[in-house]
Number of protein chains: 2
Amino acid sequence: MATINDVATMAGVSTATVSRALNGVASVDPELCARVVSAAKELGYQPNGPARNLRRQETAVLGLIISDVANPFFTAIARGVEDVAQAVGYSVVLCNTDEDAAKERRYLDVAIQERVAGVIMSPTDSASNADVLREHGIPVVAVDRPLAGSDRVLVDTRMAAEQATKHLLDQGYRRIGCVAGPSGVQTADDRLAGYADALVAAGVEHEPRLVRHAEYRGAGAHGATLALRQQPDPPDALLIANSSLAIGALEACHELGLRPGKDIGLVAFDDVPWAKLLDPPLTVVAQPAYDIGAVATQLLLARIGDNSKPPSTTTLNATLIERASSRRG
Amino acid sequence: MATINDVATMAGVSTATVSRALNGVASVDPELCARVVSAAKELGYQPNGPARNLRRQETAVLGLIISDVANPFFTAIARGVEDVAQAVGYSVVLCNTDEDAAKERRYLDVAIQERVAGVIMSPTDSASNADVLREHGIPVVAVDRPLAGSDRVLVDTRMAAEQATKHLLDQGYRRIGCVAGPSGVQTADDRLAGYADALVAAGVEHEPRLVRHAEYRGAGAHGATLALRQQPDPPDALLIANSSLAIGALEACHELGLRPGKDIGLVAFDDVPWAKLLDPPLTVVAQPAYDIGAVATQLLLARIGDNSKPPSTTTLNATLIERASSRRG
DNA sequence: TTGTATGCGTTATCAC
DNA sequence: GTGATAACGCATACAA
C-alpha cells in the first residue's frame, strides 16, 4: 500500500510537504500542492489511520454502545448520532451489549484501546463500567439512562408513564396493569414509578399483583400478560414498557380473544412504524429517539473540545399518541 | 495514560518482556509474568491500539457496510456478523449508506484508512465502489446482493419470489400485482423477475401495469399501492418486495377498505416480529438474515487468512411462511 | 515556504 | 529467557 513516502518521491518533495499539502495547511505553494495531490491520486494513496492516530494522539471515532441493535428505539438513536457525527467528520462505531455487563465491559476496553475520541452509551446499570472511561480521560455521554458523573440525555419517562396511565384512567379503565421491563434497569423502574404515580394521584389502589416484569428482549411479555389475566379480577388495561414487550403482550391478548380498545385498554412505549397497522391501531408513547442521539452527540463533541464543565442533564419530552387501542369500548 | 514503558518500569523488566507477557508468549518466566500482570492492573494499563496496529500492520476490525440500520433484515445480518466476529476476537464497525453511493464511497475510504482486516457489504450497485478495497488488498464479502469478483452470500430471492407468486396463484388469485423495490437494485430486479417467472409458468399474462416501483425506505409503497388499485381491473393480490414497503402497502389497503386475505391477497418479503400480530397475519417470505451474516463472516475470516482462492457464491434458501393474508376469501 | 529529524507506543529481530 | 533496539507511517518542531 502506498505511503506518504511514495507520494513524496513521486511528487519530488519531502514527506513534510506532502503531509502539509494533504492536510490543507495554507502555506504550501499551490504548484507543489497540485503535484502532491496528483501523485496521491495516481498512487491511490490513503493515509494510514493507525499511524496518524498514533502521532496525533487522538482519533476521529466515536463509540456508540447500546443494548440492542434490533430495537427500533436504539437504531433511531444511532441514526441521530451518525448524522451529527458524520457532518463533522467523525466515524461511529456501533456496539451491542445485549444488556450484558460483561460484554459492555469488553467493548469499553476496546474503545479505550482504540483511543476513541468519546463514547455515547446507554449503560446496563448505574453502578457502571463507565468509570474506566473517565479514568482514561475519555468523555462519555449517557443516553436513555442516567450515568453518575456524565452528561445525560434522557426522556422524562416517569412522567410519560404517568400520563399514559392517566390517559387509561380517563378512558374509564380501573384495574390498570403494567408489563414492566426488568427491575434494575432505570427506565423500567421509572416507568413503573410513573405508573404508580398516576394511580396514587387518582386515588386508585396500586396493586402489586397487577405488575409483571419481563426481559426487554424476547418472549417474556407473552407469559407475563397471560399470568396477569389468569388471576381473579384481572387488569382491564395494560401499560407496556416497550415495543418488544408489546409484541408479546399483543400476542397474548390475541390468544385470549381480548380485543384492544374494547376488552382491554393498551398503551405501549415507543412509536414503531407498524403501530398504526394493527387493528385497532396501538396507542403509544413516542420517544424522541433521533433527537436523543443528535443531542448526545453534540454534547459529546463539545466535551471532546473541553471536558472541564460539570455534568449536564438534558431531558426531552415524550408524546402520547392516542390511537384506538386505548379507547374504551 | 499508562504506556508499556510505565508497566515495564514498575515491574522492573524491559518493554519487550511486558509485551511478551501480556501477549501470552510461552517462554516468559512465570514469576516475571506475574509481576507484569500485576503492574499492568495497578496502572490500569490498556495497550495503545493505534500503535499496535501500526506496528503489526493489521487490525482486528471488520467493516460492515449496509444500507439501512433501521431495516430489520440488515440488523439481523449485523447480529450474525457480530456473533461470529466477536467469538474470534474481532470488532465490528457498522456503517450506514442509506443506499447512497457517495456515502458508501466515503465509508470505504474510512475502512481503507483504518486498515480494517476485511469488509462485509451489501453494495449499492453492482458497478461498485468496492474495487478500491481490492486495490488495497482488503478482502470483501458481499451480502444480499452480488458483487463482481467477491465472495457473495445471497438468497435465492428470484425463486422465492416465484414461489410466493405461485402460492398466490394457487390460492386462486388471478391479477397479481407487485410492489417492487427500486429498479437497479439487484434484489428488487430479481424479485420482479421471479414474479414474472411464476406468471409465465402459469400461463398468466404478465401485465406491466400491475407493477409499481418504490424506494425501499419511505412512503413510496403507499402511493404505489393506491395507484395500482385505482386502475380498471386492479390487481386482486400483491407481492411486496420488503417489510418497509409492506407498511406502506398495508396502510393503503386499509384506507381503501381492502381486507387482506379476503379482498386482496398479500405476501411480503421479510419475516418481521409484527407480521403475525396483524389482522389477518401477514404471509411472508422469511430470509435467513442471521445466517447470511454468520456465513459471510466465516468466509471473510477465511479470506483474511488466505485471499488467493477464486470467489465463491453461497446461496441460502428463503422460506414462505403462509399466514392468512394470502388466503382467498 | 520547504526540508530534516524526531517521536508517538508497540512488536519483532537480534544478540546475549 | 531477557533486553536493547529498530521500524511501522505520520505530523510537527525546528532549522534553513
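The basis for the numbers below is simple: all heavy atoms, side chains too, and nothing from hydrogens, waters or symmetry mates. Reminder, nothing fancy here: chain letters follow the sequence lines and each chain counts from 1.
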> Quick one: CG on A:Leu62 to OG on A:Ser91, what's the gap to the nearest 0.5 Å?
Replying inline: 8.0 Å

Reckon [X] has a side-chain N or O less than 4.0 Å from the OP1 or OP2 of [N]?
X       : N      : answer
A:Arg56 : D:dA11 : yes
A:Ser14 : C:dT2  : no
B:Ser19 : C:dT11 : yes
B:Gln57 : D:dG9  : yes
A:Asn5  : D:dG9  : no

Take the protein atom [atom1] of [X] and the nucleotide atom [atom2] of [N], then report the distance between them rounded to whole Å.
X        : N      : atom1 : atom2 : value
A:Gln113 : C:dT10 : CD    : P     : 10 Å
B:Glu58  : D:dG9  : CD    : C1'   : 16 Å
B:Glu114 : D:dC10 : CD    : C1'   : 13 Å
B:Ile112 : D:dG9  : CD1   : P     : 16 Å
A:Arg115 : C:dT10 : CZ    : C1'   : 11 Å
A:Leu54  : D:dT12 : CG    : P     : 13 Å
B:Ile4   : C:dA12 : CD1   : P     : 11 Å
B:Gln46  : C:dG9  : CD    : P     : 15 Å

>> Strictly below 4.0 Å, N to O, side chains only: are A:Arg79 and A:Asp83 in salt-bridge contact?
In response: no

> Is A:Asp131 paired with A:Arg134 through a side-chain N to carboxylate O contact shorter than 4.0 Å?
Replying inline: yes

> If you pin B:Val13 and A:Arg52 to their nearest nucleotides in DNA chain D, which one's is more 5'?
Replying inline: B:Val13

>> Both A:Arg20 and A:Thr3 contact DNA chain D. Taking the nearest nucleotide for each, which residue is further toward the 5' end?
In response: A:Thr3

> Among the nucleotides C:dA12, D:dT2, C:dT11, which one has an atom lying closest to any side-chain atom of B:Asp29?
Replying inline: D:dT2

>> Of the listed nucleotides (D:dT2, C:dT11, D:dG9), which one gets closest to any side-chain atom of A:Asn48?
In response: D:dG9

> Which part of the nucleic acid does B:Asn53 contact within heavy-atom distance under 4.0 Å: base, sugar-phosphate only, or nothing?
Replying inline: nothing

> At under 4.0 Å between heavy atoms, what does B:Pro50 touch on the DNA or RNA strands: base, sugar-phosphate, or nothing?
Replying inline: nothing

> Between the side chain of B:Asn23 and the main-chain N/O of B:Ser19, is any donor-acceptor distance below 3.5 Å?
Replying inline: yes

> So B:Asp306 and B:Arg303, salt bridge (charged side-chain N to carboxylate O under 4.0 Å, His left out) or not? Walk me through it.
Replying inline: CA-CA 5 Å; B:Asp306 168 17; B:Arg303 264 194 195 281; over 6 Å; no

>> Is there, by distance only and without an angle test, a donor paired with an acceptor across the side chain of B:Arg55 and the base of D:dA7 below 3.5 Å?
In response: yes

